[in-house]
Student: 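Encoded as structure tokens, here's the structure I'll be asking about.
Residue numbers begin at 1 in each chain, while the letters A, B, ... track the order of the sequences. Everything numeric here is computed off the predicted structure, so don't read it as measured data.
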2 protein chains.
Amino acid sequence: MQTDSILSNISKHISLDKAEIKYFLSLLRTRELKKRDFLLRAEEPCTAINYVNSGALRAFYHDQSGKEATIMFAVADWWVTDMPCFANQIPAMINIEAITKSSVLQLEKEDIERLYIKIPKFERHFRILMQNAYIREQLRTLQNLSMPAKARYKIFLKKYPKIAQQVPQKNIASYLGITPEFLSTIRRVK
Amino acid sequence: MQTDSILSNISKHISLDKAEIKYFLSLLRTRELKKRDFLLRAEEPCTAINYVNSGALRAFYHDQSGKEATIMFAVADWWVTDMPCFANQIPAMINIEAITKSSVLQLEKEDIERLYIKIPKFERHFRILMQNAYIREQLRTLQNLSMPAKARYKIFLKKYPKIAQQVPQKNIASYLGITPEFLSTIRRVK
DNA sequence: ACTTCCACTTAAGATAGTTTAAGAAATCGT
DNA sequence: ACGATTTCTTAAACTATCTTAAGTGGAAGT
């Protein structure tokens, strides 16, 4: 199991001794995904939170009319799940699909709850992760409300240049909340 | 100082003994706001996180062109701050204004950091708050991307009926990301 | 090598939301 | 209780973004 990356992710916020590291790692399970495999499908139970070791994934919502809204991309060193459904143990609303061959480490809901009890420091780690996720989402809301699509696209390119190269245009369009056709016209006129 | 409400807010997630309660309360400072007073102004340092005892507040962003985007409302039993700026100790981007006469309890950044060290259980409390805030924002993003204004308005009314009654229409419009005029036409046709 | 499929582009017509302006209704200060 | 301000509504003209449709090029499958 590839564990260097996740341990360095965690050591950004808390420090663990050998026994704690061993216990933590014992809770993880590797999941390998080929391009276009689903890590999670809507309607299924969402039981795990996932750390991305390598590759790129996309979390998206499929509305009644079949239109897709991309909630987030996740590349190496990101955590991803359907948080509303993971937290409340209800069926997933969103899908998570591998855009490229990917490798993730999964931590099950029951195990993370045990982890919080056994090693309370992890509350801090995930408090900081949740705080950062909240901050990111809030800034995104702010941009969605106050900026036209073109400005949002430029910010996206600046903020996530790697992702912009790894994923198809139509996914970026659905992240920005516009159609692929309209993204195309935005791109035409620099 | 009114403390019943905040203690019951905290006891939803963690339990404190007498000494811990005493210490926690010693860190709080009451702030009374008249209607239209600002709890925080853009550009100023954002040093505190605020718990709303009573009243109603609105957090909003003012873009270059002077257009307002309402980030969130906060009524009794909500926590509010400019989280990006609070977390990173940079000048505030948003304003927080009292919509009605309000009373809040403030917890300073340095104090909350001390609190995390002295009573680590609070990491859990704020982990859950941050997680809920993240979930709320993510659902909002999803709605902003995949629904027209009218559907978003209906959801807003359903989710926050109290707020809908307490705040002016134009604020709701700026929360939804539309003009007050357009909100008016949406409301006309039930 | 050929076919099929999918991503991306372009363009025309349709719709959701904005802007401007004006009047009506509610609220505020004195 | 009054006038002054602010909020809400209505309507017309305008703009951003969507829908549909058609065409191009590249990737994948056989």
Student: Quick check for you: among dC8(D), dA11(D), dC18(D), whose closest atom lies nearest to any side-chain atom of K170(B)?
Tutor: dC8(D)
Student: Please find out if less than 6.0 Å separates the ring center of W78(A) from that of F73(A).
Tutor: no
Student: Does the distance from a Lys or Arg side-chain N to an Asp or Glu carboxylate O, for R41(B) and E97(B), drop under 4.0 Å?
Tutor: no
Student: Report the distance from atom CZ of F182(B) to atom P of dT10(D), rounded to the nearest whole Å.
Tutor: 14 Å
Student: Decide yes or no on side chain to side chain contact (heavy atoms under 4.5 Å, CB included) for Q131(B) and F126(B), but give the supporting numbers first.
Tutor: CA-CA 8 Å; Q131(B) 185 171 303; F126(B) 284 99; over 6 Å; no
Student: I need the NZ-C1' distance between K35(B) and dT5(D), as an integer number of Å.
Tutor: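 Nearest whole value for this atom pair: 12 Å.
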Student: Can a donor-acceptor pair be found, under 3.5 Å and without considering hydrogens, that links the side chain of D17(B) to the backbone of A19(B)?
Tutor: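 It does hold such a pair.
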Student: Where does the angle between the aromatic ring planes of H125(A) and F122(A) fall among parallel (under 30°), tilted (30 to 60°) and perpendicular (over 60°)?
Tutor: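 Geometry flag for F122(A) against H125(A): perpendicular rings.
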Student: Hey, does the side chain of N171(A) reach the backbone of V167(A) with a donor-acceptor pair shorter than 3.5 angstrom?
Tutor: no
Student: Taking the nucleotide of DNA chain D with the nearest heavy atom to each, does R152(A) or T185(B) sit closer to the 5' end?
Tutor: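 So the residue in question is T185(B).
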Student: Could you tell me how far apart R187(B) (CZ) and dA11(D) (C1') are, to the nearest whole angstrom?
Tutor: 18 Å
Student: Between E181(A) and T179(B), name the one whose nearest nucleotide on DNA chain C is closer to the 5' end.
Tutor: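 Upstream on the strand: E181(A).
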Student: Heavy atoms of chain A, cut-off under 4.0 Å: which first and last nucleotide of DNA chain C, 5' to 3', fall inside that, if you could look?
Tutor: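 So the outermost contacting nucleotides come out as dA7(C) to dA11(C).
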Student: To the nearest angstrom, how far is N144(B) atom CG from dT17(D) atom P?
Tutor: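 Rounding to the nearest Å, CG of N144(B) and P of dT17(D) are 14 Å apart.
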Student: Without decimals, in angstroms, what is the distance between I172(B) CD1 and dC8(D) C1'?
Tutor: 12 Å
Student: Angle between the end axes of the helix from dA1(C)-dT30(D) to dC28(C)-dG3(D), five pairs per end, to the nearest 10 degrees?
Tutor: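 Comparing the first five pairs with the last five, the axes sit 50° apart.
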Student: What side-chain donor-acceptor pairs closer than 3.5 Å can you find for residues 139-149 of chain A, not counting sequence neighbours?
Tutor:
| unit_1 | atom_1 | unit_2 | atom_2 | d |
| --- | --- | --- | --- | --- |
| R140(A) | NH1 | I71(A) | O | 2.5 |
| R140(A) | NH2 | T70(A) | O | 3.0 |
| R140(A) | NH2 | Y175(A) | O | 2.9 |
| T141(A) | OG1 | E137(A) | O | 3.1 |
| T141(A) | OG1 | E137(B) | OE1 | 2.9 |
| N144(A) | OD1 | R152(A) | NE | 3.4 |
| S146(A) | OG | L142(A) | O | 2.8 |

Student: Between N53(A) and V104(A), is there a donor-acceptor pair closer than 3.5 Å when you use the side chain of the first and the backbone of the second?
Tutor: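 No, the answer is negative, given that no donor and acceptor are paired below the 3.5 Å cut-off.
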Student: Are D77(A) and K12(A) within salt-bridge range, i.e. N to O under 4.0 Å?
Tutor: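 Salt bridge flag = yes for K12(A) with D77(A).
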Student: The side chain of I178(A) lies closest to which of these nucleotides: dT7(D), dT10(D), dT17(D)?
Tutor: dT17(D)
Student: Measure the distance from CD on E68(A) to P on dC18(D) and round it to the nearest whole Å.
Tutor: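 Atom CD in E68(A) sits about 15 Å away from atom P in dC18(D).
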